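Presented below is the structure to which this report refers.
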Amino acid sequence: TGSSRPQRLLKAVQRNAAKGDPQSVISAIDYFCRHSEWAMNVGDEKGSILDSVVSEVSPTTALELGTYCGYSTVRIARLLPPGASLITLEFNPDYAAVARQVIAHSGLQDKIHLVEGPSGDSIPKLKERFGITSLDFVFLDHWKDRYVPDTKLLEECGLLRKGSVLLADNVICPGAPEYLDYVRNNPRYESRYFQSHLEYTNVEDGLEKSVFLG
Ligand SMILES: CCCNc1ncnc2c1ncn2[C@@H]1O[C@H](/C=C/CNC(=O)c2cc(-c3ccc(F)cc3)cc(O)c2O)[C@@H](O)[C@H]1O
Ligand SMILES: [Mg+2]
């Protein structure tokens, strides 16, 4: 049978990006998605907003929900301070396999821990598995109806501390209405919407940044 879109995206990275150069991996994926096949990466426009939030937070410990092909994984990891690390959760083994190779091509594998499995199983094990006390930054980009349950799980597991920053993709398109309701009407969060566009299109979308107040 034929290749999958993630496999074709990986080929485009291996052909067009310089090994060990994260920016060229990002550019190769954006080019592929603009000129060959659309894919659900956060993209370059929303990616610039992601970059600015990651740079501002400069997290020691970061978590990503939904690795997919590893595009935002590379975007985040390339901006981490020395000694910092990104944990990324992915439950589809085929996507995880592609992401591992994209990450390897970027040369950032030493800063990234890709954990295969559903977030509901992995989140409660993060403290013991990685010896962390709390998360400085969380990027939510997995199934949109899982943003609220997983945010509640992060709270319950004591993984959020005063000042932890959550950044959620797609709050307009495809949309995460329950999540917006949760973080905007909850006194324990200070939320702000960053208007942008759905990756590689001019459809409205945006990111919601929410600071946990403890
Ligand atoms: C047990 C389910 C919840 N826990 C989970 N734990 C670990 N990984 C999980 C995951 N859920 C989903 N995933 C993974 O995250 C990824 C899923 C992302 C879902 N994203 C979207 O649906 C999405 C969709 C669009 C989109 C927008 C417009 C449109 F016309 C078509 C698509 C744009 C985006 O930016 C998106 O992020 C996959 O790799 C999936 O395997
Ligand atoms: Mg997304």
Side-chain angles (χ1 to χ4, degrees), residues 4-10 13 26 29-30 32-34 36-51 53-54 62-76 86-103 112-126 129-130 135 137-157 159 166-180 182-183 193-210:
S4 69
R5 180 168 306 183
Q7 285 169 326
R8 293 191 293 273
L9 181 151
L10 170 61
V13 166
I26 292 162
I29 293 173
D30 285 332
F32 174 81
C33 292
R34 279 193 184 284
S36 301
E37 302 184 61
W38 186 93
M40 61 181 178
N41 316 118
V42 73
D44 45 358
E45 189 180 320
K46 287 187 288 177
S48 297
I49 300 166
L50 170 62
D51 289 356
V53 175
V54 171
L63 174 69
E64 174 179 59
L65 305 179
T67 315
Y68 188 45
C69 296
Y71 174 89
S72 47
T73 319
V74 168
R75 274 204 93 107
I76 294 165
L86 169 64
I87 300 162
T88 182
L89 310 184
E90 175 53 59
F91 83 147
N92 180 311
D94 300 324
Y95 295 164
V98 164
R100 288 188 197 285
Q101 295 172 82
V102 167
I103 290 162
I112 295 162
H113 300 287
L114 196 165
V115 179
E116 279 190 50
S119 50
D121 296 353
S122 305
I123 288 170
K125 299 171 184 165
L126 293 178
R129 182 161 180 180
F130 295 101
L135 297 165
F137 176 80
V138 183
F139 182 54
L140 297 91
D141 194 21
H142 59 333
W143 285 349
K144 309 316 161 192
D145 63 356
R146 304 295 303 182
Y147 284 14
V148 172
D150 282 349
T151 298
K152 289 180 174 174
L153 186 57
L154 290 168
E155 291 172 19
E156 286 152 17
C157 293
L159 282 161
L166 307 185
L167 188 66
D169 190 26
N170 310 115
V171 294
I172 302 302
C173 179
E178 305 87 356
Y179 179 76
L180 287 182
Y182 181 71
V183 291
Y193 175 61
F194 290 80
Q195 182 169 27
S196 186
H197 294 95
L198 176 69
E199 49 266 30
Y200 318 115
T201 78
N202 51 23
V203 170
E204 185 183 341
D205 189 19
L207 302 166
E208 186 81 358
K209 177 190 173 190
S210 305

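Quick note: numbers below take in every heavy atom, side chains included, and nothing from hydrogens, waters or symmetry partners. Everything numeric here is computed off the predicted structure, so don't read it as measured data. Order of listing sets the numbers, starting from 1, for every ligand and every atom in it.
A 4.5 Å side-chain heavy-atom check between I49 and S196 finds at least one atom pair inside the cut-off. Contact check for L9 versus C33: side-chain heavy atoms found under the 4.5 Å cut-off.
For the salt bridge (Lys or Arg N to Asp or Glu O under 4.0 Å) test, residues two or more places apart in sequence or in another chain that qualify with D141 are K144.
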Practice problem: Check step by step if side-chain contact (heavy atoms from CB on, under 4.5 Å) holds for L65 and I123. | Solution: CA-CA 10 Å; L65 305 179; I123 288 170; 4.3 Å; yes

Self-check item: Derivation and outcome, side chain to side chain donor-acceptor pair (under 3.5 Å), residues D44 and Y200
Solution: CA-CA 8 Å; D44 45 358; Y200 318 115; 5.8 Å; no

Practice problem: Before giving the answer on side-chain contact (heavy atoms from CB on, under 4.5 Å), spell out for N41 and R75 the whole-Å C-alpha distance, their side-chain angles and the decisive distance to 0.1 Å. | Solution: CA-CA 11 Å; N41 316 118; R75 274 204 93 107; over 6 Å; no

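The minimum heavy-atom distance linking G175 with P177 is given by the pair C-CD, 3.5 Å.
Ring to ring, H142 and Y147 are close: their centroids are under 6.0 angstrom apart.
Every pair passing salt bridge (Lys or Arg N to Asp or Glu O under 4.0 Å) that includes a residue from residues 194-208 is listed here, sequence neighbours excluded: K46-E199, K46-D205, R184-E208.
Within 4.0 Å of ligand 1, protein heavy atoms belong to W38, M40, G66, Y68, L89, E90, F91, N92, Y95, G117, P118, S119, D141, H142, W143, K144, R146, D169, N170, C173, P174, L198, E199, listed by chain and number.
Inside a sphere of radius 2.8 Å centred on the Mg ion (ligand 2), the protein N/O/S atoms present are D141 OD1, D169 OD2, N170 OD1.
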